[in-house]
Structures are given as structure tokens and as C-alpha cells.
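Keep in mind that the numbers below use all heavy atoms, side chains included, and drop hydrogens, waters and symmetry copies.
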Amino acid sequence: MSEWLVLAVAIAAACAVVILITFVRDRRAPEDEDPSDTPDVIEYMTMWIGVVYAIVLGLAIAGVWEARGVAQDRVSTEAHALHEISERVRVYPPDVRDRIRDDVNAYVGYVVKTEWQEMADNGQVTKRGDQLMQRIRVDVTDYEPKTDFQAQAYQPLVDQVTAADQARAARADSTGPTMPGVVWFGLIAGAVITVGMIFALQIRRTTRELVLAGLFSTLIAFLLFLIWDFDAPYSRGITATADPFLTLFPGAGH
């Protein structure tokens with residue numbers, strides 16, 4: 001199911017529920033009911049429930065957006081570390097240099113063309129990617145420098161391998177949803193309570209009130225969809241991209 005279809009279904013369902021309950025309530029309401037006679041305490045509670053829920057929604061949106069930004073930063077860190085490895089090995093003998101660069105290019109190409117799709121589809125990295133990263137580590141750490149110049153480059157290369165490996169591990173940890181189930185329970189329950197308070201105000205079946213109730217429920221549904229869409233940094237919505245790899249390794253996508 002596409003993301004736009006999910007949004008359309010959520011909005012339609014929210015509006016349909018509000019309109020249906022309004023009509024049912026209006027038909028069952030006593031003839032002498034006065035819709036304008038709403039206790040002040042209910043109006044006060046409705047106001048504060050709306051304010052509190054708006055704050056919760058804002059914090060949730062900020063949280064998933066920040067998680068998406070962190071995920072993109074991890075990709076950038078990994079790509080830059082691999083690029084530094086590829087550039088710094090120029091002081092090594094040609095056979096060692098070419099082997100390390102070939103393994104770096106193989107890893108980047110695999111991540112861009114294969115592993116990225118696996119993260120989007122199944123929310124996890126692959127064992128093959130782990131093996132290719134391990135091959136780069138072995139290439140760098142197992143080489144014994146022959147000159148002082150090579151010895152000076154050795155430790156920075158090892159540090160860059162560590163940085164790339166740590167960034168990969170962090171990327172693997174952030175492939176799934178970032179919002180815990182209990183938070184989703186609170187968001188959905190809060191939406192039900194907030195929209196339900198409309199009926200506590202004795203909404204009538206006038207065009208104006210129905211339109212306002214529908215718009216309010218649509219807004220709630222859209223904000224929940226927005227949180228859901230950003231909740232998986234690599235598979236939904238405005239996702240973290242592989243652009244840092246493609247920028248630093250232009251041939252990786254071919």
C-alpha cells in the first residue's frame with residue numbers, strides 16, 4: 001500500500017467516523033436537548049486536552065524528524081570515512097593500494113545497489129555487507145608498513161576503518177521504527193480522546209460544525225500519518241538517502 005493511499009484512507013476514516021457519530025447522536029438526542037447548554041468545565045477540559053495533545057504531537061514529530069537527521073548523518077560519516085581510506089592509501093605500494101580501493105569500491109557499490117533496498121524492504125542490513133566491511137578492515141590492519149611515511153599513514157587509516165565500521169553499526173541500529181509501541185498507543189488513544197471531546201461539546205448537525213469537525217479530525221489523522229511516515233528513516237517518507245556514497249564514489253551506482 002502506497003503512502004498516499006494510507007494517508008487518504010486515514011483521513012477518510014477519521015471524517016467518516018466523526019460524521020457518522022454526529023448523525024447517530026443527533027438522531028438519538030432528546031427533543032428538549034439544548035446544544036448550547038454545555039458545562040463550563042467540559043469546555044475547560046476540552047481546551048486543555050487539545051493543548052496537551054498538541055504538545056505531545058509536536059514532540060513526536062520533532063523526535064522522528066531528528067532521528068531521520070541522525071540517520072542521514074551516519075550515512076555521511078560512513079561515506080566520508082571510506083573516502084578517506086581510499087585517498088590515504090595512495091602512500092602504500094600499488095598492489096596494496098589497488099586492493100584496498102577495489103574492496104572499498106565493492107563495498108560502496110553493494111551498499112548502494114543492494115543493501116539499501118534490503119534496508120527499505122526488511123529494515124535490516126545484510127551479512128554480505130558485514131563481510132565486505134570486514135575485508136576492508138583486514139586489508140588495512142594486516143598490512144605492515146615498510147617506510148616511515150607509510151607508518152605515519154597507518155594509524156589514521158585504522159581510525160577511519162573504525163569510524164566507518166561504527167557508522168555502519170549505527171546505521172544498522174536505526175533501520176527499524178524509532179517510536180516505541182507504548183508511544184504509539186498514547187498517540188492513538190490521545191487522538192481518540194481529543195476528537196471524542198468534540199461530541200462532549202454537543203456538536204450539532206449543521207454544515208459549519210460538521211465541516212469544522214471534519215477538518216479537525218483530518219488534521220489529527222494527517223499529523224499521525226506524518227509521524228508514521230518519518231518513523232522508519234530508511235524506508236518511508238522523506239528517507240535518509242545514499243547520496244553521500246554517490247557523491248564521493250560517483251561510479252558506485254553503475
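Nearest approach of R137 to T162, heavy atoms of both residues: NH2-CA, 4.2 Å. Residues T141 and Y154 approach most closely at O-OH, 2.8 Å, considering heavy atoms. Contact record, P180 with T178: CD-O, 3.5 Å, taken as the closest heavy-atom pair. Nearest heavy-atom pair, L82 versus V104, reported as atom, atom and distance to 0.1 Å: O-CG1, 3.9 Å. The two residues Y107 and G129 come nearest to each other via the heavy atoms CE1-O, 3.5 Å. Of all heavy-atom pairs between Q150 and P93, the closest is NE2-CD, 3.6 Å.
Under the 4.0 Å criterion applied to side-chain N and carboxylate O atoms, R171 and E115 are assigned as salt-bridge partners.
Between Q72 and P244, some side-chain heavy-atom pair lies under the 4.5 Å cut-off. Annotation: side chain of T194 is not in contact with side chain of V52 (no heavy-atom distance under 4.5 Å). Side-chain atoms of V161 and I85, non-hydrogen and from C-beta on, do get closer than 4.5 Å to each other. By the 4.5 Å heavy-atom criterion applied to side chains, M179 and L187 are counted as neighbours.
Atom CG of D139 and atom CD of Q134 lie 10.0 Å apart (nearest 0.5 Å). In this structure, the separation between CG on D231 and CZ on F225 is 12.0 Å, given to the nearest 0.5 Å. Note: L224 CG to D229 CG = 12.5 Å, rounded to the nearest 0.5 Å. Taking CH2 of W65 as the reference point, atom CG of L226 lies at 9.0 Å (rounded to 0.5 Å). For the atom pair CD of E87 and CG of L157, the computed distance is 11.0 Å after rounding to the nearest 0.5 Å. Going from atom CZ of R168 over to atom CG of D130 covers 4.5 Å, rounded to the nearest 0.5 Å.
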task = Kindly determine whether I227 and L57 satisfy side-chain contact (heavy atoms from CB on, under 4.5 Å), including the steps that lead there.
result = CA-CA 8 Å; I227 297 171; L57 282 176; 3.9 Å; yes
request  = I would like to know whether V125 and E118 meet side-chain contact (heavy atoms from CB on, under 4.5 Å); could you show each step before the answer?
outcome  = CA-CA 7 Å; V125 298; E118 178 69 17; over 6 Å; no
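Following chains of ILVMFWY side-chain contacts shorter than 4.5 Å, one cannot reach V138 starting from I100, and the two form parts of different hydrophobic clusters. Under the 4.5 Å side-chain heavy-atom criterion for grouping Ile, Leu, Val, Met, Phe, Trp and Tyr, V70 is not connected to F230 through any hydrophobic cluster. The same ILVMFWY cluster, assembled from side-chain heavy atoms under 4.5 Å apart, contains both I61 and L219. Note on I193 and F185: separate hydrophobic clusters, where clusters join Ile, Leu, Val, Met, Phe, Trp and Tyr whose side-chain heavy atoms are under 4.5 Å apart, directly or indirectly.
Side-chain N or O atoms of K146 include one that pairs as donor or acceptor with a backbone N or O of E144 at under 3.5 Å. A distance-only check finds a donor-acceptor pair linking the side chain of R101 to the backbone of S86 [under 3.5 Å].
At most 12 heavy atoms of other shown residues, nucleotides or ligands fall within 6.0 angstrom of atom CD in E66. No more than 12 heavy atoms of other residues, nucleotides or ligands sit less than 6.0 Å from atom CG of D148.
Using bins of under 30°, 30° to 60° and over 60° for the plane-to-plane angle, the ring pair W116/Y234 lands in the perpendicular bin.
The salt bridge (charged side-chain N to carboxylate O under 4.0 Å, His left out) with R135 is formed by just one residue from the set D103, D142, D102; it is D103.
Using modelled atom types and a 3.5 Å distance limit, the side chains of Q155 and D159 yield a donor-acceptor pair. Between Y143 and R99, the side chains place no donor N or O within less than 3.5 Å of an acceptor N or O (distance only, hydrogens not considered).
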